[in-house]
Amino acid sequence: MTRKTKLNPRRPLVAGNWKMHRTASDTRALIQDIVKRVERVANIDLVVCPPFTSLAAAHETLGRHSILALGAQTMHQAKEGAFTGEISGPMLREFGVRYVILGHSERRQYDNETNEKVAAKAIAAVGYHLRPIVCVGETLSQRESGDTEAVIDSQIHTSLAGFPPEQIEELVIAYEPVWAIGTGKVATPKQANDVHHQIRKLLVKLFGPKGADIRILYGGSVKPDNAVDLMSQPDIDGALVGGASLDARAFFDIIEAARPKRATDHD
Ligand code: PEP
């Protein structure tokens, strides 16, 4: 008798955001190191997001290894045009890119990536068969003044305005409290899960019952020693990892923490 396993729409996902680290030649070694460790890992989606200049090297090094998908750290919403310094969806696709981080707090802070721009980029991304990882998160002063809920509500509504409901299976959200990114300060599992729960409710309001299946990642100083507690929270579906994703061993340990542990979680 064959036992039917339930398809898990919220299959865990761990993405590494390399930020502005690693030259193309350094990229080859890091990709090889990661692939060696994750080759036998199952039931989880894995993504690495190197700088634009390293995508070709990463793509080439991965070859036919499909265990690791490639992501970009941003993109422009236009297909092409007079946008000096920008990169478009079709350009990313040429290097095998499947995911794109949008609205990361560093881009919101230094590059004016507003909610409105994130919305336009997310719509463009799915049009080019790229899965958007839309980042939201409050600053420390917003949290301390009790505004977290309102900030998240507004970011989710505005960043997802006009997103095509028939494409929500492609959408990933990352909750990244700004005060926890690169600071070593991590949200407690309960603080993180509370916001994830709020986001899930907002997604249901926006997209109907299927909105509950959209994956929501936690990001902000995720390390091997805090990953197990964070990843075991019911509304946390994986992690967006910055610093620790540059260390293949640490990245692997976080991946292990995010992997489903029960047979019914497998797909
Ligand atoms: C990030 O860059 O998205 C991030 C969460 O960074 P870190 O893990 O270094 O805090």
So, do [X] and [Y] sit near enough that their side-chain heavy atoms are less than 4.5 Å apart?
{"X": "Pro51", "Y": "His21", "result": "no"}
{"X": "Val126", "Y": "Phe163", "result": "yes"}
{"X": "Ile87", "Y": "Met75", "result": "no"}
{"X": "Leu140", "Y": "Val178", "result": "no"}
{"X": "Gln233", "Y": "Pro189", "result": "yes"}
{"X": "Val172", "Y": "Val134", "result": "no"}

Basic-acidic side-chain contact under 4.0 Å: [X], [Y]:
{"X": "Arg11", "Y": "Asp45", "result": "yes"}
{"X": "Asp194", "Y": "Lys190", "result": "yes"}
{"X": "Lys36", "Y": "Asp33", "result": "yes"}

Judged by modelled atom types alone, do [X] and [Y] share a side-chain donor-acceptor pair under 3.5 Å?
{"X": "Thr74", "Y": "Glu113", "value": "yes"}
{"X": "His197", "Y": "Asn193", "value": "no"}
{"X": "Ser141", "Y": "Glu144", "value": "no"}
{"X": "Glu138", "Y": "Trp179", "value": "yes"}
{"X": "Asn115", "Y": "Arg108", "value": "yes"}

Just verifying a value: how many Å separate [X] [atom1] and [Y] [atom2], rounded to the nearest 0.5 Å?
{"X": "Leu46", "Y": "Leu68", "atom1": "CG", "atom2": "CG", "value": "6.0 Å"}
{"X": "Ser159", "Y": "Leu102", "atom1": "OG", "atom2": "CG", "value": "9.0 Å"}
{"X": "Ile133", "Y": "Leu13", "atom1": "CD1", "atom2": "CG", "value": "6.0 Å"}

Out of the candidates Arg259, Arg215, Arg200, only one should pair with Asp237 under the salt bridge (charged side-chain N to carboxylate O under 4.0 Å, His left out) rule; please name it. Arg200

A quick test of your reading: do over 12 heavy atoms of other residues, nucleotides or ligands sit less than 6.0 Å from CD of Glu116?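 Yes - once you tally the heavy atoms of other residues, nucleotides and ligands closer than 6.0 Å, there are more than 12.
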
Examine distances only and state if a side-chain atom of Ser154 and a backbone atom of Ala150 form a donor-acceptor pair shorter than 3.5 Å. no

Using a 3.5 Å distance criterion without hydrogens, assess whether the side chain of Asn226 forms a donor-acceptor pair with backbone atoms of Lys223. yes

Stepwise side-chain contact (heavy atoms from CB on, under 4.5 Å) check, Glu256 with Val41: CA-CA 8 Å; Glu256 277 299 300; Val41 168; 4.0 Å; yes

Parallel, tilted or perpendicular, as decided by the 30° and 60° cut-offs, for the rings of His196 and Tyr218: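 Tyr218 and His196: tilted rings.
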
Salt bridge (Lys or Arg N to Asp or Glu O under 4.0 Å) between Arg131 and Glu170: does it pass, once the steps are laid out? CA-CA 5 Å; Arg131 294 183 166 150; Glu170 304 298 311; 3.0 Å; yes

side-chain contact (heavy atoms from CB on, under 4.5 Å) for Arg22 and Leu30? Distances and angles first, verdict last. CA-CA 9 Å; Arg22 299 296 186 266; Leu30 182 52; 3.8 Å; yes

